[in-house]
Amino acid sequence: MERHFLVIGATGKTGRHTTELLLRRGHRVRALVRGLDARAERLAALGADVVEGDVLDLDSLARATKGIDALYFTYPIRPGLLDATANVAQAAEENDVRAIVNMSQVSARRHTASNAARQHWVAERVLDRSPVSVTHIRPTFFAQWLIDNWADGTGELRLPFADGRHAPIAESDQAKVIAAILEDPAPHAGQIYPLYGAEELDHHQIAEKMSKALGRDVTYVPIELDEFAAIMRGRGAPDHLIQHLLAVAVDYRNGVFAGTNDLVKTIGGSDPLDVEGFIARNRAAFGLPTT
């Protein structure tokens, strides 16, 4: 049955995959974007109803939610999350949106050193007070992290994670879960779902798998927090993001990001990609030939 969905942050990592998947399944999708760039044009070419707006502007969000059955809400790691969340809750209630899928994070909790992770926990509680059905997803580190840390081309993963472990999860796998909940939200109302990739690994093992998939040596180099902060500043990362990453690096060392489950398969309908599969799906991003 055709439904009308809103994807907030539709040109972002999970938003793009969710928009494309819902369109392929024959649904109408309104894609909320902050600007009409090439990414937005691509979604429009696929059939999305692309609209400009800002979750920090309640009026534009209220217009975007008119006629919508359910929506996906994701917000980047930057200031403004709680204002954005309150606006989403208000606009959804005003326009009788039936369900919200909310992107949180695995480290979200009341007592955490990360400002962003604590704000995600509070945002969950704000949405829980809404009359709209809400499902929270809490993914571990995205597999996109492998691309981001490959971009310097050194063949080294210089990260402050010691021997901690996680199961990298692809954005496309998260989109399968998000789309499935949007299509049938009732069984998932009020749930908090931690999401994981195919296999829990430490970064030495991740580097080994990357080496095999890429055909060149990749080495994990454990570093301390101050060196990682300097690397992030060198990349132009804002203070809010750096504070979050330093705090969750400690969480990571303490096992907060570890774990596995079968939710990607049981909700999303297929096994999640492993590291090699993720690289094969994203060959161009890793500088590999695509044919």
Side-chain angles (χ1 to χ4, degrees), residues 3-20 22-23 27-105 108 114-137 171 174-175 178-179 181-182 185 236-241 243-244:
R3 296 178 180 86
H4 199 176
F5 299 120
L6 172 67
V7 176
I8 296 171
T11 56
K13 296 180 178 68
T14 57
R16 175 175 66 84
H17 286 287
T18 300
T19 300
E20 293 175 358
L22 290 170
L23 289 169
H27 300 295
R28 292 184 295 158
V29 182
R30 185 172 297 157
L32 184 67
V33 301
R34 297 188 69 193
L36 299 177
D37 58 14
R39 299 172 301 168
E41 291 173 359
R42 182 178 183 278
L43 294 178
L46 293 174
D49 171 23
V50 176
V51 297
E52 285 188 276
D54 190 334
V55 287
L56 296 177
D57 177 356
L58 178 57
D59 289 337
S60 72
L61 191 57
R63 290 190 294 271
T65 50
K66 287 182 178 179
I68 293 298
D69 295 308
L71 67 83
Y72 170 53
F73 171 46
T74 181
Y75 190 85
I77 300 174
R78 67 179 182 221
L81 172 62
L82 295 180
D83 286 343
T85 301
N87 284 344
V88 168
Q90 180 62 32
E93 181 178 359
E94 289 178 0
N95 287 299
D96 296 319
V97 175
R98 295 200 296 269
I100 296 171
V101 178
N102 172 52
M103 168 64 74
S104 186
Q105 54 185 252
S114 163
N115 294 331
R118 185 174 58 255
Q119 289 163 11
H120 269 290
W121 184 87
V122 175
E124 290 178 0
R125 307 292 75 76
V126 169
L127 290 172
D128 287 343
R129 292 174 173 84
S130 166
V132 181
S133 169
V134 179
T135 305
H136 307 291
I137 60 172
E171 294 84 345
Q174 295 177 64
I178 295 162
I181 298 171
L182 290 173
D239 290 342
H240 183 73
L241 176 59
Q243 193 276 336
H244 168 69

Asp239, CG: over 12 other non-hydrogen atoms inside 6.0 angstrom
no
What I'd like to find out is whether the side chain of Asn95 reaches to under 4.5 Å of the side chain of Ile68, using heavy atoms alone.
no
Got Leu32 and Leu61 here, is their nearest side-chain heavy-atom distance under 4.5 Å?
yes
Return the minimal non-hydrogen interatomic distance between Ala70 and Val97, and the atom names on each side.
CA-CG1, 3.8 Å
Are His244 and His120 side-chain neighbours, meaning at least one heavy-atom pair lies under 4.5 Å?
no
Could you walk me through whether Arg28 and Asp49 pass the side-chain contact (heavy atoms from CB on, under 4.5 Å) check?
CA-CA 8 Å; Arg28 292 184 295 158; Asp49 171 23; over 6 Å; no
Just verifying a value: how many Å separate Glu93 CD and Thr65 OG1, rounded to the nearest 0.5 Å?
11.5 Å
What's the spacing between His27 NE2 and Thr19 OG1 if we round to 0.5 Å?
12.5 Å
Should the heavy atoms of other residues, nucleotides or ligands under 6.0 Å from CZ of Arg129 be counted, would the total exceed 12?
no
Run the ring-ring contact (aromatic ring centres under 6.0 Å, His included) test against Phe73 and tell me which residues pass, sequence neighbours left out.
none
Sequence neighbours excluded and cut-off under 3.5 Å, please list the side-chain donor-acceptor pairs for residues 35-43, or say none.
{"unit_1": "Asp37", "atom_1": "OD1", "unit_2": "Arg39", "atom_2": "N", "d": "3.2"}
{"unit_1": "Asp37", "atom_1": "OD1", "unit_2": "Ala40", "atom_2": "N", "d": "3.0"}
{"unit_1": "Asp37", "atom_1": "OD2", "unit_2": "Arg39", "atom_2": "NE", "d": "3.1"}
{"unit_1": "Asp37", "atom_1": "OD2", "unit_2": "Arg39", "atom_2": "NH2", "d": "2.8"}
{"unit_1": "Arg39", "atom_1": "NH1", "unit_2": "Thr11", "atom_2": "O", "d": "3.4"}
{"unit_1": "Arg42", "atom_1": "NH1", "unit_2": "Glu20", "atom_2": "OE2", "d": "2.2"}

Any Thr14 side-chain heavy atom under 4.5 Å of Tyr72 side chain:
yes
Do the side-chain N and O atoms of Ser104 and Glu124 include a donor-acceptor pair separated by under 3.5 angstrom?
yes
Test side-chain contact (heavy atoms from CB on, under 4.5 Å) applied to Gln119 and His240, step by step:
CA-CA 12 Å; Gln119 289 163 11; His240 183 73; 3.8 Å; yes
Do side-chain atoms of Asn87 reach the backbone of Val55 as a donor and acceptor pair under 3.5 angstrom?
yes
Main-chain N/O of Ala64 paired with Arg30 side-chain donor or acceptor, under 3.5 Å:
yes
In terms of heavy-atom contacts, Leu127 and Ala89 come closest through CD2-CB, 4.0 Å
Gln174 CD to Thr74 OG1 distance, which is reported to the nearest 0.5 Å
9.0 Å
When you measure from the side chain of Glu171 to the backbone of His17, do you find a donor-acceptor pair of N or O atoms at a distance under 3.5 Å?
no
Taking every non-hydrogen atom, the tightest pair across Leu56 and Gly80
CD2-O, 3.5 Å
Rounded at 0.5 Å granularity, tell me how far CG in Leu182 sits from CZ in Arg3.
10.0 Å
Are there more than 12 heavy atoms of other residues, nucleotides or ligands under 6.0 Å from atom CZ of Arg78?
yes
Min side-chain heavy-atom separation Ile77-Leu241 under 4.5 Å:
yes
Can you name the nearest heavy-atom pair linking Gln105 to Ala117, along with the distance?
OE1-CB, 3.4 Å
How long is the gap from CG on Leu82 to CZ on Arg125, to the nearest 0.5 Å?
12.0 Å
Hey, what do you get for CD1 (Ile100) to CG (Asp128), rounding to the nearest 0.5 Å?
10.5 Å
Can you tell me if His136 and Asn102 form a side-chain donor-acceptor pair at under 3.5 Å?
yes
Counting distance only, does the side-chain N/O of Asp69 pair as donor-acceptor with the main-chain N or O of His4 below 3.5 Å?
yes
Heavy-atom pair with the smallest gap, counting every atom of Val132 and Ala92:
CG2-CB, 4.0 Å
